[in-house]
Each structure stands twice: as C-alpha cells, then as structure tokens.
Asker: 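The structure that follows is given in the form of structure tokens.
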Amino acid sequence: MLDIQLLRKDLASVQARIASRGITVNWDEFTALEQQRKEIQTSVQDAQAAQNRISKEIGQAKAKGTHTPELMAAAERYKAQLAGSEQRLAEIQARLEVFLLVIPNLPHATVPLGAAADDNVEQRRVGEPRRFDFAPKDHADLGAGLGMMDFETATKIASARFALISGPLARMHRALSQFMLEVHSNEHGYTEVYVPYLVNAASMRGTGNLPKFEDDLFGVPRRDAEKLYLIPTAEVPVSNIVRDDIVALEKLPLKFVCHSPCFRSEAGAYGKDTRGMIRQHQFDKVELVQIAHPQQSYELLEQLTSHAEEILKRLDLPYRVVALCSGDMGFSAAKTYDIEVWLPGQNGYREISSCSNFEAFQARRMQARFRNEKGKPELVHTLNGSALAVGRTLIAVLENYQQEDGSVTVPAALRPYMGGVERLARG
RNA sequence: GGAGAGGUGCCGGAGUGGUCGAUCGGGGCAGACUCGAAAUCUGUUGUCCCUCUUGCGGGGGACCGUGGGUUCGAAUCCCACCCUCUCCGCCA
C-alpha cells in the first residue's frame, strides 16, 4: 500500500511512476474522493468536538444534581447532524482504502524502465553452460527414463500440474532443501522457522496477495471459522510474523529462512509450461525473508540476492541475474532481481529465484514497524527471495548433470545429504 | 463433539454508564545518589488521523479483540462475528 500522504503531496510523480509499470489507474476518482473526504472529515470532527463538549457539561451538571434540558436538546441536535455525515465519511474512507489496496508499489529509481520481460536488464552471468556431445534431454524425459518421475499417477491422485517423484530422486529433492537450509542458517545468519501453510485473509492482505489476486490462491473454507488460504510462498506467513508488531531497533535486520510447500492455482497460465514440473500447483521452496531498517534495505537486497546465488554456485549450475524492468515487476515490489538458471532441456535461462525489496509497501499493510533512533514507531522495509525454488533446482540438476546413458551425476555439494550417493540411475 | 472462562496500553493487571486515554505494578527513558554498577528515590513514557504552524509546537478527532446497536454520553449495557484459554471426549 502506498502512503496516502505521498499521493496528497505529490500525485503527479506517483502517477508517472505507476504509469512506468504500464498500468492505468483512475486518478480522477482518487482526487474526487480526497476532496470529499477533506470537507466531510473537517465538519464531522468539528461537530464531534461540540457534542463532546456538551456531553461533558451534562455530566458535570448531573454530578451537581442540576437538570439541564436545554443542553440535552443541543446535544441531540448535534447527534442528528452527525448521524448521516459520519456514515458518509466512513464510506468515503472505505473507498479510499480499497483504491489504495489495489495500487501497485512504486518502482525504485534504479529500476530499468520497460514494458515486459524483454526489457529486463542482465546484471551478470556466472558459469558456462555445459557443452554436450550428445543431444541433452529435458527433465521430464530424464525423470521418466530413471523411472522416478510420474505425472500420470499424480494426475490420477490429484489433477494436472502435480508431480509424483520417487526413490533416489525424491531423496535428492529432500537433500536440496536440507542443503539450502543448512547453508542459509549456518553461514548466512538466517533463523530457520517452521510456519503455518494455511493463513488467514489478514496475512494475505499484508503481503499484497489480497484483495487483488484471490484467483491465484487456493482457499480453504471452514464450517465454523474464518476462511483460510494455502500459502503461495512462505513469504506470506514469514513476513506476517511482524504484522502489528513494533520491533526494537537493535533487532534489525530480522533474517528468516523457511522451507515450505507453495500452492498456486496458476489460473492465468492455461497452456503455459504444461510439460514437466516447471509450473506446478504445488512445489517446495526455501525462502529468505528480511525485516530491515529503511536505510539498509537496498544494501540488504544485494546481500540477499548473493545468498541465493551462493546455492547455485555450490551446485555449479550456470545462471544469470537480471533486474526486472518496471513493466515486469510484481505488484508489491519496488525492485526485483530474478535469478535464472541454465536449463539445457529448454536451451535457455529460466527463473529459479526472485529477490525483491518491498520497501514499506507490505509493512504499511501489515502495520509492521520498528522503534527508530528517536524512539518513534516507523514502518520497516521487507525483503524476500527464493533461495531457491526446490522443484526447479531439481530440474536444473537433472538437466545439467545428465549423462548420455540417461543417468545423472549427483553434484558434490549434495552428496553429504544423500548418504554419499554419486549417481542416479535406473534401478 | 460437550461444558466453562476470557480478550484493556511494551508486559502483568484494575476498572460495570459521565474530566477514563484509562488506577496500580513491572519494563523503557531522563535525573538524583555512586568512582562506576546494583539497590533506592524523583520525574517521564501510547498509537493513528485531521488541521494550523510547517523547526520545535498548538488545536481537534478516533482508538480498551472486530463490526453494529442503545444513550446527550460506553472500556463499562445489548447483538453478531473473530480469537484465546481450561476441563471432558476423540485423535497424529
């Protein structure tokens, strides 16, 4: 959510920065609502002040045992006057709130301008894509060849966009999560957390998933309680740890790492990535979340991104980092780096991590604050990034480490997590 | 599933219609004492919004789980919802 003060003070620059995302907003509606709000709020508060004063006088008179019919009459007049205008004010404020809830974040000054993914700017490439002296397969063929990846059965059990993996490949999937968790908690200073995978609407609103993106989520209705939602990423529960909290200055930055399954309806992705396990309704991810002092957040974004990169380096997977352009960034982000891993099966780079600084956008929705140097509550900045998407990392390992006979070498960094197994082969 | 209790400020915990934004204790901050610290004593300490000044600051409004209602006036009364806890049952 944007700071309404900023819209009041400098609407023109907000408009320009939102426009750079390629989004159109009915700003006239905002201006009109603001004007009404201002008028009504002033008059309502004046009337409330008068009414409070009179009620207080009545109380004092009663204490002395005096009867005051003329004061009662005056109070009733104010009451009648307030009845309608208070309600109108509430309606206008509710509409302003809704308006603000669906406006995306402002891109940071360093975000490249652009309309779509083509305009993203590559920051660096690390590692050379391997040259194959045979035609490399994609992960779906490799997985099927190993007899360890079965989409038909997954569809029978659930539906399309689910996977069933088994045996050593399932073990490698587990090993990847363990490996990532160990690196981040032992070497990068993150506190490991285990969190609820179902969250309430307030948490979804906090991170920006609601109200605008309800269609992307799986909802879980309950008979006698509030509806819950399956998390699309651990970002939601982990960021909401600090919702409605005031964190002590010296505790910043808070750094959390969390492994969780993620559930996405992929409502807008019909026909996209239908082969293999690139895009699933359910996938595992290790997520980094930082709760930061505003002055530090951009420095921390670089660090957080490097933490995600470290996993790829240790797995010796070639990748590149791109800065998303204004038109390609997500709703809540002020700046985003995507990390794209080389996938021989697709002969291209494919997103495996997304690291963002949300500045105060989520913090304002969550009312997540810290006590600043002056002792005053101030909104924190939130950051997060995948480090990494486990399913896609598994794919990347399969495709990059495949051998001509269809077997797959286990990356050295993973072997300690797999009981020393060095190779996946058809059993 | 059955029965009951409760949601108040950073924390604990009072408060059942009228200077209650809220007694008190703890914590935090400042000061006194001390070489320093502890202990003790004194003072101080909420958030959000509107508005004027736009540096400090002044005026006003709202907030005692959430949303409605009753009333001139509600933390206090009524209704609905959300949540927490205890006991019994069931259960990984």
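Numbered from 1 within each chain, the chains take letters A, B, ... in sequence-line order.
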Asker: Mind calculating the distance between CG (A/L198) and P (B/C83) to the nearest angstrom?
Answerer: 13 Å

Asker: For the side chain of A/K62, counting heavy atoms from C-beta on, which of B/U47, B/G73, B/G18 is nearest?
Answerer: B/G18

Asker: Starting at the 5' end of RNA chain B and moving along, which residue's nearest nucleotide shows up first, A/I4 or A/R53?
Answerer: A/I4

Asker: To the side chain of A/Q5, which of B/G73, B/C49, B/U51 is closest?
Answerer: B/C49

Asker: Check whether any side-chain N or O of A/K56 sits under 4.0 Å from OP1 or OP2 of B/U19, and answer yes or no.
Answerer: no

Asker: Could you give the CG-to-P distance, from A/L71 to B/G18, as a whole number of Å?
Answerer: 18 Å

Asker: Using atom P in both nucleotides, what's the gap between B/U71 and B/U54 to the nearest angstrom?
Answerer: 45 Å

Asker: Does the structure show a Watson-Crick or G-U wobble partner for B/A38, both distances under 3.5 Å? Name it, or say none.
Answerer: none

Asker: Separation of A/E91 atom CD from B/G67 atom P, in whole Å?
Answerer: 16 Å

Asker: Quantified in whole Å, what is the C1' atom distance between nucleotide B/A74 and nucleotide B/G15?
Answerer: 13 Å

Asker: Is the shortest side-chain N to carboxylate O distance from A/K156 to A/E152 below 4.0 Å?
Answerer: no

Asker: Is it true that A/Y190 and A/Q290 share a donor-acceptor pair across their side chains at a distance under 3.5 Å?
Answerer: yes

Asker: Between A/E399 and A/H139, do the side chains contain a donor N or O and an acceptor N or O under 3.5 Å apart?
Answerer: yes

Asker: For A/I58 and for A/D46, find the nucleotide of RNA chain B with the closest heavy atom, then tell me which residue's nucleotide is more 5'.
Answerer: A/D46

Asker: Taking the P atom in each of B/A75 and B/C64, what is the distance between them to the nearest angstrom?
Answerer: 7 Å

Asker: Quick one: look up who B/A3 pairs with, Watson-Crick or G-U, both distances under 3.5 Å, and put none if it's unpaired.
Answerer: B/U86

Asker: Using a heavy-atom cut-off of under 4.0 Å over every strand shown, decide if A/N52 touches base, sugar-phosphate, or nothing.
Answerer: sugar-phosphate

Asker: Atom CD of A/E97 to atom P of B/C48: distance rounded to whole Å?
Answerer: 16 Å

Asker: When you compare B/G18 with B/U76, how far apart are their P atoms, in angstrom units rounded to a whole number?
Answerer: 12 Å

Asker: Suppose we define a pair by two distances each less than 3.5 Å, Watson-Crick or G-U wobble; what does B/U19 pair with here?
Answerer: none

Asker: I'd like the C1' distance from B/A22 over to B/G46, given in whole Å.
Answerer: 11 Å

Asker: Classify the side chain of A/Q45 versus the base of B/G60 as yes if they form a donor-acceptor pair under 3.5 Å and no if they do not.
Answerer: yes

Asker: With C1' as the reference atom in both, quote the distance from B/G17 to B/C72 in angstrom, rounded to an integer.
Answerer: 12 Å

Asker: Checking side-chain polar atoms at under 3.5 Å, does A/D10 have a donor or acceptor matched by the opposite partner on A/S13?
Answerer: yes

Asker: My understanding is that only one of A/L101, A/V236, A/L217 makes a side-chain contact (heavy atoms from CB on, under 4.5 Å) with A/L210; could you say which?
Answerer: A/L217

Asker: Out of B/C72, B/G61, B/C49, which nucleotide sits closest to the side chain of A/Q48?
Answerer: B/G61

Asker: Considering only B/C72, B/U47, B/U51, which nucleotide approaches the side chain of A/R371 most closely?
Answerer: B/U47

Asker: Could you tell me how far apart A/Q81 (CD) and B/G61 (C1') are, to the nearest whole angstrom?
Answerer: 15 Å

Asker: So if I take every side-chain heavy atom of A/Q60 and compare against B/U19, B/C72, B/G61, which nucleotide ends up nearest?
Answerer: B/U19

Asker: Tell me the interatomic distance from A/Q51, atom CD, to B/A62, atom P, rounded to whole angstroms.
Answerer: 9 Å

Asker: For A/R369, which contact category applies under a 4.0 Å heavy-atom criterion: base, sugar-phosphate, or nothing?
Answerer: sugar-phosphate

Asker: Roughly how far apart, to the nearest Å, are B/C63 and B/U8 at atom C1'?
Answerer: 12 Å

Asker: Considering only the C1' atoms, how many Å lie between B/C56 and B/U70, rounded to the nearest integer?
Answerer: 45 Å

Asker: Side chains of A/T382 and A/Q362: do they bring a donor and an acceptor to under 3.5 Å?
Answerer: yes

Asker: Please work out if A/I54 contacts a base, only the sugar-phosphate, or nothing of the nucleic acid, heavy-atom cut-off 4.0 Å.
Answerer: nothing

Asker: Under 3.5 Å, is there a donor-acceptor pair linking the side chains of A/K335 and A/S356?
Answerer: no

Asker: Could you state the CG-C1' distance from A/D244 to B/U66, rounded to the nearest angstrom?
Answerer: 12 Å

Asker: Using a cut-off of 4.0 Å on non-hydrogen atoms, how would the nucleic acid contact of A/Q367 be classed: base, sugar-phosphate, or nothing?
Answerer: nothing

Asker: Could you state the atom-to-atom distance from NZ of A/K227 to P of B/C82 in whole Å?
Answerer: 15 Å

Asker: When both hydrogen-bonding distances must be under 3.5 Å and the geometry is Watson-Crick or G-U wobble, what is B/A80 paired with, if anything?
Answerer: B/U66

